[in-house]
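What follows is a set of notes on a single structure, which appears directly below.
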There are 2 protein chains.
Amino acid sequence: MPRSRSAPTIHDVAAAAEVSVSTVSRVLNAKEDVAAATFARVQGVIEALGYESSMAARGMRSSSTQVIGLIMPDMDHSYGIEVIKAASRVITGTAYDLVAMTCGSKHHAERGRWQQQRVRRLNGTITDGVIVVVPDVASFDTDYPLVAIDRMVAGATYASVSSDNQGGALAVMAYLLGLGHTRIGYVDGLEFLESAAHRRAGYLAALEAAGLPVDPSLIQPGDFKRSAGRVAMRHFAALADPPTAIFACNDDMALGVMEEAQLLGIKVPEALSVVGYDNVPEAANARPALTSVDQGIEPMVQMAIELLLELISGRERGGDSARMQEQIKMPSRLVVRDSCMTPAPRPDRQMPSRKATAKPVAAQPATAQQATAKSIKKGGEAPLHA
Amino acid sequence: MPRSRSAPTIHDVAAAAEVSVSTVSRVLNAKEDVAAATFARVQGVIEALGYESSMAARGMRSSSTQVIGLIMPDMDHSYGIEVIKAASRVITGTAYDLVAMTCGSKHHAERGRWQQQRVRRLNGTITDGVIVVVPDVASFDTDYPLVAIDRMVAGATYASVSSDNQGGALAVMAYLLGLGHTRIGYVDGLEFLESAAHRRAGYLAALEAAGLPVDPSLIQPGDFKRSAGRVAMRHFAALADPPTAIFACNDDMALGVMEEAQLLGIKVPEALSVVGYDNVPEAANARPALTSVDQGIEPMVQMAIELLLELISGRERGGDSARMQEQIKMPSRLVVRDSCMTPAPRPDRQMPSRKATAKPVAAQPATAQQATAKSIKKGGEAPLHA
DNA sequence: TATACTACCGGCAACGTTACCGGTAATGAT
DNA sequence: ATCATTACCGGTAACGTTGCCGGTAGTATA
């Protein structure tokens with residue numbers, strides 16, 4: 001056997017099996033019209049040679065590669081990693097393979113260009129469709145199967161699935177209000193991200209629904225970093241009428257809030273309740289364990305992949321799928337841990353309509369209802385979109 | 001403009017720019033022999049159309065894709081994730097792109113086949129070379145650029161870079177012996193993995209070099225899981241002459257040892273010193289903070305990528321690179337934290353040659369020499385290879 | 001003015017694969 | 001015995017790209 005050091009091609013297989021390349025191709029693709037004996041012989045040669053068809057050539061000719069791409073800004077952030085892990089798990093159950101690619105976490109401004117470039121690069125050549133994580137652009141100029149995960153910008157022309165940020169925020173607020181808090185501070189996120197905007201909208205909507213006033217001094221800006229939580233905490237502590245609970249737009253900031261509170265001698269949860277968002281692993285390890293909102297990355301990714309596969313098969317069947325621009329919202333889940341409790345009664349301030357519910361005995365962390373409060377607010381998505 | 005919904009090809013660009021496809025190709029590849037005016041015009045059309053060359057077609061024709069692949073068993077394990085992150089960072093500085101692929105964390109037995117399959121699939125089609133993480137097979141039947149990371153099986157025929165496990169173990173032992181420990185327990189790893197074998201070899205070599213006997217009861221089996229550390233600890237505690245220090249083959253098991261020691265009322269580090277391996281994030285967060293060995297994944301990955309790029313360019317320049325089978329060992333670094341100290345003097349046992357060095361005053365954690373003990377044992381790699 | 005050189009560009013073939021069409025042999029029907 | 005049908009298989013043309021060769025025009029040299 002002429003041991004060619006470079007990978008064998010379909011021609012090598014054909015020659016060794018003494019058939020034409022067409023027949024080998026038919027065997028590879030499990031087509032009809034090939035005799036059982038021939039089929040077995042060719043398959044044997046394939047095994048023997050360790051032949052594997054070139055996905056580049058195959059993809060070029062048949063525009064079906066059985067590979068889906070995952071494009072993300074970077075792989076340093078834990079969120080992206082979670083997505084990869086979930087996608088890796090989900091894809092195992094399908095006939096597809098997964099390739100992950102970063103699009104260089106360049107400056108925010110030019111990231112859109114990079115995403116476009118990556119999408120185009122994969123498009124129609126080595127993948128049958130792509131999932132883009134946290135896209136920065138409103139539209140990709142292609143009709144090839146694509147679904148975005150999280151943080152669609154308003155008016156996106158592509159399919160996307162993201163978590164119900166507003167619903168999650170509403171769940172947090174319902175929980176906090178239910179505990180008896182009426183002064184709830186909010187640490188905001190970067191305003192140009194839809195996720196942050198929706199969470200904030202949930203915070204405001206919940207206040208309004210509860211008939212509580214919106215106090216601007218209770219809303220502090222943030223950038224998702226831990227340090228922002230710390231400065232926000234310092235600000236809140238300096239207030240004449242400080243909040244009894246703080247809802248931070250993400251866990252990192254909530255952790256920052258807790259750190260700074262400890263430094264200031266404010267005990268969590270006794271003197272201050274804190275809630276985060278994202279349910280990162282550190283949330284469970286914090287002291288006290290941080291109550292947070294779990295976005296359920298895995299079901300989100302699963303949904304995205306299912307939708308993508310449907311788009312792909314729909315495209316193969318001809319006409320454009322009706323779901324090409326579908327925007328799916330996944331429910332979030334409030335994970336109650338130890339960082340919240342009923343607010344301590346404040347002697348200097350009279351509670352108009354409440355009786356003395358806050359007996360000292362009630363002063364224990366509210367860990368009873370473990371991770372139950374589902375926040376499936378079905379119709380709660382309109383207010384933000386104009 | 002005929003707004004073709006599918007991605008534009010080089011022919012579309014050529015037609016729009018009124019040149020031949022050859023000229024467009026020359027522009028794309030920044031070749032000479034094209035007039036400045038033409039160059040600019042073509043480039044303008046490329047921009048306008050948003051054209052991106054198909055990496056499948058390009059790769060097929062020119063066998064240079066500017067992409068390197070990363071093949072790993074799964075993306076669920078933190079080790080793999082660290083490798084991805086590091087690779088993502090390192091690749092940013094080069095002209096290459098990175099695609100990551102899992103090879104399905106199937107059963108160990110058939111994983112080798114999967115790795116082979118993935119390598120062949122990528123080979124020569126969409127990547128210029130691949131990095132395989134933790135390969136299970138001794139050789140890949142190809143000569144295309146490939147470097148393995150970590151845990152080469154003995155007699156590998158491909159290039160690989162892994163951490164100096166034996167050196168790391170020697171550093172641990174030097175540290176422990178230096179503190180005055182003479183009875184040092186060892187919790188082993190899965191024996192079929194080279195990493196575990198080398199660490200064990202380091203343990204044994206250090207004992208021999210120090211003139212200490214090898215006590216089989218001080219060597220307990222393990223499987224890298226936390227539970228294994230716990231049962232090992234129980235075993236050690238039941239010994240008539242228990243060890244004063246325990247070196248576990250990885251951090252998870254060391255953490256298990258510490259947990260169980262606490263349950264047994266054995267204080268760490270006062271009554272028992274513990275050292276782990278891998279320096280996982282939890283090691284720093286443990287109480288007491290766990291002394292461990294940092295494998296330095298990032299420099300390892302960096303080295304792997306550098307080597308791979310050299311193999312690629314060497315291949316392009318013709319002859320096979322001399323480094324095609326290079327086996328690189330990266331130095332490990334002992335990270336000293338709070339889990340070790342000088343052994344307490346034992347009244348019932350006389351120390352033959354030592355004077356009373358263990359004054360009560362010396363009973364404080366040895367945190368002074370922070371992360372310095374480099375374990376660059378240059379010549380210490382032969383003993384394991386036959 | 002004739003020749004040689006250079007700058008620039010187009011045509012052709014090939015990479016490895018699959019879709020499509022057509023051809024041969026064997027089988028069944030008349 | 002002739003014809004139609006079927007089962008099987010081979011040849012050819014693409015897919016989008018780049019490498020190579022050759023060709024034309026313009027400029028410098030004799």
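In the text below, chain A, chain B and the rest are named by the order of the sequence lines, each starting its count at 1.
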### B/E326: salt bridge (Lys or Arg N to Asp or Glu O under 4.0 Å) partners, not counting sequence neighbours
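B/R323.
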
### Query
With sequence neighbours left out, what residues match A/E306 under salt bridge (Lys or Arg N to Asp or Glu O under 4.0 Å)?
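Listed in chain order: nothing, the list is empty.
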
### Query
Can you pull the contact range of chain A along DNA chain C, 5' to 3', using atoms under 4.0 angstrom from its heavy atoms?
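Extent of the interface on DNA chain C: C/dG16 to C/dA19.
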
### Message
Once side chain to side chain contact (heavy atoms under 4.5 Å, CB included) is applied, do any residues pair with B/S62, and if so which ones, sequence neighbours excluded?
### Response
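B/R58, B/S64.
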
### Task
Go through the structure and list residues passing side chain to side chain contact (heavy atoms under 4.5 Å, CB included) with B/A304, not counting sequence neighbours.
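Only B/I131, B/V147, B/I149, B/V161 meet the side chain to side chain contact (heavy atoms under 4.5 Å, CB included) criterion with B/A304.
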
### Query
Looking at side-chain heavy atoms only, is the closest gap between B/V119 and B/Y144 below 4.5 Å?
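Counting from C-beta outward, B/V119 and B/Y144 do come under 4.5 Å.
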
### Query
How would you list, by chain and number, every residue that makes a side chain to side chain donor-acceptor pair (under 3.5 Å) with B/Q43, sequence neighbours excluded?
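Side chain to side chain donor-acceptor pair (under 3.5 Å) check on B/Q43 returns nothing, list empty.
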
### Task
Looking only at non-hydrogen atoms, find the nearest pair between B/L308 and B/L146 and report the distance.
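That closest heavy-atom pairing would be CD1-N, 3.8 Å.
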
### Contact state string [nucleotides 16-24 of chain D, B base, S sugar-phosphate only, - no protein heavy atom under 4.0 Å]
BBBB-----

### Query
For the helix from C/dT1-D/dA30 to C/dT30-D/dA1, how many degrees between its two end axes (five pairs per end), to the nearest 10°?
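Axis angle across the helix from C/dT1-D/dA30 to C/dT30-D/dA1, nearest 10°: 60°.
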
### Query
Can you tell me how far CD1 of B/I305 sits from CD1 of B/I91, rounded to the nearest 0.5 angstrom?
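Between B/I91 CD1 and B/I305 CD1, I get 4.0 Å after rounding to 0.5 Å.
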
With a cut-off of 3.5 Å and sequence neighbours excluded, list every side-chain donor-acceptor pair involving residues 14-26 of chain A.
unit_1 : atom_1 : unit_2 : atom_2 : d
A/S20  : OG     : A/S22  : N      : 3.4
A/S20  : OG     : A/T23  : N      : 3.3
A/S20  : OG     : A/T23  : OG1    : 3.3

### Task
Sorted by first residue and then second, give each salt bridge (charged side-chain N to carboxylate O under 4.0 Å, His left out) pair with at least one member in residues 43-57 of chain A; sequence neighbours left out.
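Passing the test, one end in residues 43-57 of chain A: A/E52-B/R121.
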
